Colleague: 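The structure is given below, and queries will be raised subsequently.
The analysis underlying the following values was restricted to heavy atoms, covering all of them including side chains, and did not include hydrogens, waters or symmetry mates. Keep in mind that what you see is a predicted model, and the values were worked out from it rather than measured.
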Amino acid sequence: METNKAGYESQAKDIASGFDEKGASLILTAYDLACKAHENQKRMSGEPYITHSLEVAKILKEMKMDAVTIAAGFLHDVIEDTPYTVDDIKKIAGENTAFLVEGVSHVTAKVFKTRGQIFSESLKKMFFAMAKDIRVIIIKLADRLHNMRTIRFLDEEKQKVISNETLNVYAPLAHRLGMEKVKSELEDLSFAVLNQQSYREIAGKIAEKKEEREKRIEALKEILGNELKKLNIPVEIIGRSKHFYSIYQKMVRENKRFENIYDLIALRVITDTVNNCYTILGIIHNYWKPLPGRFKDYIAMPKSNMYQSLHTTVLDEAGRPVEIQIRTAEMDDIAEDGIAAHWNYKEERAFDKKTDSAFAWVRQLLEWHGSMRESEEFIKELKVDLFDEEVFVFTPKGEVKELVKGATVLDFAYSVHSDLGDKCIGAKVNGKWVTLKYELQNGDRIDVLKGAAQHPTVDWLKIARTAKAKNRVRHWLRTNQNIRENIDKGTNLLYERLAKQGHKPEDIPEDAWGGLIEQYSVKEKDDIFAGIGYGEFSDAKVANHIARFLKERKEFVPGYERAKHVTRGEIIVQDELGDISYKFAKCCNPVPGDEITGIYTKKGISVHRKNCGMLAISNITAPIVNVSWNEKADNFYMCRLKVTARNREHLVNDILTTIAKNNALISSFNSGILYENHLQADLFINVKGQKHLSELISSVRKIKDVLTVERVD
């Protein structure tokens with residue numbers, strides 16, 4: 001143990017090396033505090049917890065972060081997992097370190113406590129903390145990176161939950177902040193957990209051709225290097241293979257086998273000046289034939305995360321595509337480490353104007369704070385800015401604006417100035433008049449048209465795509481519209497929604513509003529009506545809350561005859577809604593034995609499996625109906641199976657024969673080659689129930705060369 005302690009101290013000193021006396025002292029003080037706080041704690045691997053703190057600090061050191069950030073990296077789990085408080089950290093490691101640790105602790109709060117719900121209140125807090133100090137999310141990304149590197153020590157279910165969150169939240173966030181090294185590793189580590197078979201297939205194929213690929217890279221580097229030597233242009237040429245997840249995405253996107261993906265390698269050419277970047281591009285296009293439509297100039301039009309580079313794809317002598325990126329050394333630093341390469345705290349000075357402007361997206365997060373009381377709405381709109389592809393357009397003066405794909409003229413107007421957005425009546429795009437709804441295309445030149453009497457309306461919330469535009473529209477409606485007008489509008493919207501569910505205003509008792517008033521932190525129900533009127537609250541969610549309240553009070557859909565339950569063929573409907581039909585949802589195809597639930601719709605009851613994926617990701621606003629299976633049900637029910645296997649002669653026949661022997665009925669059978677010598681079959685079959693289905697799956701799994709059999713939605 002003492003030997004380990006000495007080794008840990010040595011690692012901490014290595015991390016502190018290179019900093020001035022004050023910075024090194026802070027880092028070592030934080031290390032000592034982390035050792036005390038986590039003294040008796042171990043990781044799932046059995047190692048002392050301090051090993052995780054050390055690895056996070058090392059990653060931050062590799063990112064060239066400042067001493068305060070690295071100190072906070074050592075202490076990032078202290079508030080969450082030990083008795084130490086924020087005040088304790090302030091006293092020992094300083095106020096700045098404590099602020100970052102407190103920010104990270106909001107992110108580390110168990111986001112996945114509720115059945116894998118990614119975008120929770122915890123995630124909302126993360127973005128607020130991030131907007132105040134971007135170092136919070138840099139520490140969290142370092143923390144997540146090390147946790148993913150050691151994820152094998154967790155149980156299988158936790159691995160999947162955490163990997164899913166990483167792939168859907170943290171990897172895209174790293175990409176949005178320009179941190180491509182972190183993004184790529186997070187994607188590959190998540191991919192290895194979530195789709196082990198595909199990961200192993202691609203890894204195996206890459207390993208098989210490693211020597212051949214390295215020879216090709218060296219040959220390309222030699223050819224290009226010799227051409228550039230003739231002009232005495234200083235360059236460094238780096239060849240690399242694409243990371244596994246990007247290859248998989250391309251296979252899925254283009255519906256191709258691995259063998260048909262030819263651009264598996266890329267060259268990066270690093271030089272000294274912007275002029276030389278363009279000179280090199282000309283030489284490359286002169287030597288190799290460029291592929292049309294595959295050239296992008298991110299030097300002239302940088303991405304919002306400051307990424308700059310020239311991208312082109314050319315065909316080599318064998319006619320195989322090669323992606324080439326050309327950039328300066330400074331651009332390369334930004335491309336690799338993104339915002340971490342620019343957030344300079346060593347001299348405690350503010351960003352210069354250029355850098356500050358480039359990260360306007362991060363600052364906008366603060367503007368949204370307080371304007372949206374519903375976390376789901378905030379995250380839904382944040383996802384648009386975080387995950388969607390970008391579109392580049394021009395102002396009349398030639399200034400480049402980057403917005404999300406699908407952004408409208410209204411979004412563009414608000415990106416220029418709030419007042420311009422408020423008065424926007426349309427625009428001239430490339431000289432042609434268009435409406436507010438026009439979706440921007442790459443290269444559009446936009447001249448916004450204003451109207452003196454124009455102002456935002458609730459309908460604008462359906463036109464706006466970006467969070468900035470929607471937030472400004474809500475702000476205008478909240479502060480400029482007559483409060484009575486908003487209340488009346490919200491009342492009408494809510495009661496129209498409730499009427500569709502069979503409720504009248506007089507059916508709603510006063511105590512139905514209590515939970516809503518508390519949930520939305522308002523004083524009275526008129527504030528809820530007003531919030532609906534100017535678009536801050538969802539009329540669908542409020543109506544659903546009331547419907548559930550009435551259902552619990554046995555006042556669900558007034559006017560219908562009530563009974564404890566009524567049997568309707570295959571199912572039993574609790575709290576019966578009278579003579580109403582039902583159908584089984586095709587998204588999840590429930591069969592007897594599955595736990596089921598009902599959704600009340602205009603056409604009757606839609607019966608779903610309780611674990612239906614659509615219910616998990618959809619914003620269900622219709623009332624829930626309690627349903628269960630009738631034990632006497634004796635019909636065939638459709639469900640879907642996915643089978644993967646090593647392909648061989650007679651395999652399909654063996655699968656079909658096995659299904660027939662198990663007395664199941666086949667509705668459809670589709671198969672295709674997933675990778676070389678591997679088949680994937682998609683089947684719709686009819687079974688009597690869950691027991692029948694389990695027996696069938698067990699039989700199919702026993703077929704020679706079958707690898708997996710799973711029921712899917």
Side-chain angles (χ1 to χ4, degrees), residues 131 176 300-306 351 353-372 377-378 380-382 384-386 388-482 485-486 489 533-536:
R176 191 66 171 80
M301 294 187 291
K303 294 186 177 185
S304 63
N305 57 22
M306 295 187 69
F351 270 161
K353 186 176 180 181
K354 178 182 175 183
T355 305
D356 200 29
S357 172
F359 289 102
W361 174 79
V362 176
R363 297 198 322 276
Q364 285 170 16
L365 293 170
L366 279 180
E367 296 176 17
W368 306 342
H369 188 14
S371 67
M372 295 180 205
E377 190 69 17
F378 170 82
K380 180 182 176 183
E381 295 187 6
L382 179 65
V384 171
D385 286 351
L386 181 59
D388 283 15
E389 298 174 31
E390 66 277 348
V391 60
F392 294 96
V393 294
F394 296 92
T395 68
K397 294 182 179 179
E399 180 187 352
V400 179
K401 288 281 183 182
E402 180 192 357
L403 292 98
V404 296
K405 191 174 182 180
T408 63
V409 162
L410 186 62
D411 293 302
F412 175 83
Y414 276 116
S415 76
V416 176
H417 198 279
S418 294
D419 291 338
L420 184 63
D422 289 345
K423 296 294 182 183
C424 179
I425 59 173
K428 280 187 177 180
V429 176
N430 307 322
K432 183 180 178 181
W433 194 90
V434 298
T435 67
L436 296 175
K437 297 179 181 179
Y438 172 82
E439 287 193 8
L440 307 178
Q441 305 298 315
N442 272 318
D444 280 348
R445 192 178 187 88
I446 303 161
D447 189 2
V448 175
L449 303 174
K450 295 193 298 181
Q454 178 74 309
H455 63 76
T457 68
V458 172
D459 290 337
W460 282 21
L461 292 171
K462 299 175 184 176
I463 298 172
R465 175 85 167 143
T466 60
K468 180 178 182 180
K470 287 188 176 185
N471 187 49
R472 175 61 199 184
V473 171
R474 288 194 186 94
H475 174 77
W476 193 97
L477 293 172
R478 186 168 58 247
T479 56
N480 291 278
Q481 274 194 342
N482 182 285
E485 183 182 342
N486 278 322
K489 188 178 295 183
Y534 60 73
E536 182 171 357

Colleague: Evaluate the side-chain proximity of I446 to F394: yes if any heavy-atom separation is below 4.5 Å, no if none is.
Modeller: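 Sidechains of I446 and F394: no contact.
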Colleague: State whether the side chain of K423 and the backbone N or O of A452 hold a donor-acceptor pair below 3.5 Å, judged by distance alone.
Modeller: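 At least one qualifying donor-acceptor pair exists.
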Colleague: Within this structure, what is the CG-SG distance for the pair L449 and C424, rounded to the nearest 0.5 Å?
Modeller: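 Those atoms lie 7.5 Å apart.
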Colleague: Of all heavy-atom pairs between L410 and G421, which one has the smallest distance, and what is that distance?
Modeller: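 Here L410 and G421 meet closest at CD1-O, 3.9 Å.
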Colleague: Which heavy-atom pair separates V409 from A427 by the least distance, and what is that distance?
Modeller: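 Looking at all heavy atoms of both residues, the closest pair is CG1-CB, 3.6 Å.
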Colleague: Could you pull out the closest heavy-atom pair between D411 and I463, with the gap in Å?
Modeller: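 Smallest interatomic distance, heavy atoms only, reads OD2-O, 4.2 Å.
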Colleague: Pairing donors with acceptors under 3.5 angstrom, does anything connect the side chains of Y414 and N471?
Modeller: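 No - no donor-acceptor pair under 3.5 Å links their side chains.
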Colleague: Would the distance check show the side chain of E439 and the main-chain N or O of K437 forming a donor-acceptor pair, the cut-off being under 3.5 Å?
Modeller: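 Checking the backbone N and O of K437 against the side chain of E439, no donor-acceptor pair under 3.5 Å is found.
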Colleague: Is the closest side-chain heavy-atom distance between T408 and L440 below 4.5 Å?
Modeller: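 No, every pair of side-chain atoms sits at 4.5 Å or beyond.
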Colleague: For side-chain contact (heavy atoms from CB on, under 4.5 Å), just list the numbers for T395 and K401, CA-CA rounded to whole Å, side-chain angles, deciding distance to a tenth of an Å, and then say yes or no.
Modeller: CA-CA 7 Å; T395 68; K401 288 281 183 182; 4.1 Å; yes
Colleague: As an exercise, state the distance from CZ of R472 to CG of D419, rounded to the nearest 0.5 Å.
Modeller: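 The distance works out to 6.0 Å.
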Colleague: Could I get the full list of side chain to side chain donor-acceptor pair (under 3.5 Å) partners for N430, not counting sequence neighbours?
Modeller: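 Result, side chain to side chain donor-acceptor pair (under 3.5 Å) vs N430: D444.
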Colleague: Determine the minimum heavy-atom distance between W433 and I425, stating which atoms define it.
Modeller: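 Distance-wise, the nearest heavy atoms are CZ2-O, 3.9 Å.
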Colleague: Looking at side-chain heavy atoms only, is the closest gap between R445 and V393 below 4.5 Å?
Modeller: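 They are not in side-chain contact.
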